[in-house]
Amino acid sequence: MSARLKHVAVIGGGIGGLCLAQGLRRAGIPVTVYERDRSADSRLQGFRLNIEPTGSTALRACLPPALWEVLVATSGDPGPGISFRDERMRPLVRIGRDDGRKPDPLDPTAGRHAVSRVTLRKILLAGLDDVVRFGKECTGFVRADDGTVTAAFADGTTATADVLVAADGAGSRVWGQLRPEAGRTTLPATAVAGKLFLTEENRRWLPEPLLAGMNAFWPRQDFLFTAVFRRRENPAAINARLGDRLRALGLEPERLLEDSHDDDYILWAFIAHRDALPGFTAKDQVDPVAVAVREMLARRTTGWHPDLRRLLADSTPDTLYQTEFRAAQPLRPAETGNVTGLGDAVHQMPPVGGLGGNTALRDAHRLRTALIAADRGEQPLSRALHDYETDMLHHGFDTVREVVRNTDAAIDRNPLRRTAIRWFFRTCGAVPPLGRAVFGEG
């Protein structure tokens, strides 16, 4: 007889920690999430996240089927691939072919989903009222000789579990205690992001490329990314189709879908060298700081297509958000006990391409699989966690290196290198077999 897992403690209620909790609960493994935020509505902000097939596979495996369908219905179709263009909106190359076929959105391997982070968080929290403990800031842990681990919290309480998971993002105290050699690097890059809501007036002037999907603009300096967020279905239609199934799970569909409502918009993210942008914090997302940022963007986009300049200028001021770019330094696998981690707690990466969120979801899926194997006696817990962590570190830091390379290229101020990259993109676009060979598309 195998020793069943009595309790898994997850520190952090971000998308990775909540995805893991949903998956463990679905598998019948007792789990509790300890989140330092005071309430479920402490993070009602954020931008869209492009869920790739890797992330979709994780969510489909971990969520109850009805919640997976709600996620797909409330998300948008980001379109096939991404178009690279110059600052005058002229096409350079398109990555991802459009063969005219509409993939089944419920098939996690078939497509992508443009998901509101607010909506995703609401769905991941759905049905976990008895699992998530808010106001719990973890300060460290102690292992016992009986194979358990006890987490301590700032309010003086403790929690004992068979497995402790650091899912509390960059600066995790759990991961820092487990791997004190872990370090992070600040990159010489920064980004400003904003939203332009798709009002009737804005829809009239917005060009089709901005409304059709994702675009990466490669000007002679800096970098701009745009993506559209348009929900596939409205809340009323989703309620009519899935309401009974949600109620069978003990959920209130009207409340869930109302909370999941998010106006359609175009997201943009402008990336530049750190010394190009004025500094401001999340608390300063209003004038006069917004005015200074807009003036800076207007200066740096002189000569760009007027519609791109209008996109930046007309975006709602209180949606402006600036972030610095940091990346975790690589770690090698170490002896694994009953404490591990996932997502940014381990392999923080810049928010480029949505790879951080998808990697955290992948981690959650892989860790769930490992814990199920241990719970069923298919593998000893130590072996299951060792195999998970080896894979997680390898894939996670490969992804970090990829994102750092892309970030370095985006802020490169060498005109010869930038011109060479534009020429290379344009050549790949003009010679489709070359583009397919370079970007791995058949």
Report the distance from atom [atom1] of [X] to atom [atom2] of [Y], rounding to the nearest 0.5 Å.
X	Y	atom1	atom2	answer
T190	I271	OG1	CD1	9.5 Å
D222	T301	CG	OG1	9.0 Å
R366	D387	CZ	CG	11.5 Å
L267	L196	CG	CG	11.0 Å
R245	L67	CZ	CG	9.5 Å
R422	R90	CZ	CZ	7.0 Å

Steps toward side chain to side chain contact (heavy atoms under 4.5 Å, CB included) verdict (T150, F141): CA-CA 5 Å; T150 298; F141 65 87; over 6 Å; no
Do the side-chain N and O atoms of [X] and [Y] include a donor-acceptor pair separated by under 3.5 angstrom?
X	Y	result
D86	H305	no
N202	T199	yes
T32	H7	yes

Least distance between heavy atoms, R48 atom then P78 atom: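 Smallest interatomic distance, heavy atoms only, reads NH2-CB, 3.6 Å.
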Closest contact, heavy atoms only, V31 versus A21: CG1-O, 3.8 Å
Test side chain to side chain contact (heavy atoms under 4.5 Å, CB included) applied to L381 and D375, step by step: CA-CA 8 Å; L381 177 62; D375 184 62; over 6 Å; no
With a 4.0 Å cut-off on N to O distance, would you call [X] and [Y] a salt bridge?
X	Y	answer
D398	R401	yes
D264	R230	no
E254	R247	yes

Could you tell me whether a side-chain N or O of [X] sits under 3.5 Å from a main-chain N or O of [Y], the two making a donor and an acceptor?
X	Y	answer
T319	S315	no
R94	G429	no
T157	F153	no
E35	G13	yes
R203	L198	yes
S172	W175	yes
W218	I421	no
S116	V118	yes
N215	P209	yes

[Y] and [X], any side-chain heavy atoms less than 4.5 Å apart:
X	Y	answer
L59	C19	yes
P91	R426	no
L224	T226	yes
L120	I15	yes
R326	M349	no

Residue pair L367, L385: steps toward the side chain to side chain contact (heavy atoms under 4.5 Å, CB included) verdict: CA-CA 8 Å; L367 182 51; L385 290 178; 3.7 Å; yes
F225-F217 aromatic ring centre distance below 6.0 Å: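 Centroid distance F225-F217: not below 6.0 Å, so no.
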Steps toward side chain to side chain contact (heavy atoms under 4.5 Å, CB included) verdict (Q348, V400): CA-CA 7 Å; Q348 181 186 7; V400 172; over 6 Å; no
Parallel, tilted or perpendicular, as decided by the 30° and 60° cut-offs, for the rings of F84 and F425: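 Answer is tilted, since the angle falls between 30° and 60°.
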Plane angle bin for W304 and F270 - parallel if under 30°, tilted between 30 and 60°, otherwise perpendicular: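 Tilted, since the angle between the ring planes falls between 30° and 60°.
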Six-ring centre of W205, R310 cation under 6.0 angstrom, axis tolerance 45°: yes
For S75, all residues meeting side chain to side chain contact (heavy atoms under 4.5 Å, CB included), sequence neighbours excluded: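 Result, side chain to side chain contact (heavy atoms under 4.5 Å, CB included) vs S75: H113, V115, R232.
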Among W268, F197, Y265, ring-ring contact (aromatic ring centres under 6.0 Å, His included) partner for F229: Y265
Evaluation steps, salt bridge (charged side-chain N to carboxylate O under 4.0 Å, His left out), between K6 and D162: CA-CA 7 Å; K6 299 181 180 65; D162 299 309; 5.3 Å; no
Steps toward salt bridge (charged side-chain N to carboxylate O under 4.0 Å, His left out) verdict (R309, E87): CA-CA 10 Å; R309 290 168 60 84; E87 69 272 22; over 6 Å; no
Intermediate values then yes/no, salt bridge (charged side-chain N to carboxylate O under 4.0 Å, His left out), D391 and R362: CA-CA 11 Å; D391 172 78; R362 179 189 186 273; 3.0 Å; yes
Contacts table for residues 124-134: side-chain donor-acceptor under 3.5 angstrom, sequence neighbours left out:
unit_1 : atom_1 : unit_2 : atom_2 : d
D130   : OD1    : R25    : NH1    : 2.5
D130   : OD2    : R25    : NH1    : 3.4
R133   : NH1    : D130   : O      : 3.1

Audit row: R173, D168, salt bridge (charged side-chain N to carboxylate O under 4.0 Å, His left out) steps and yes/no: CA-CA 8 Å; R173 290 182 179 177; D168 45 344; over 6 Å; no
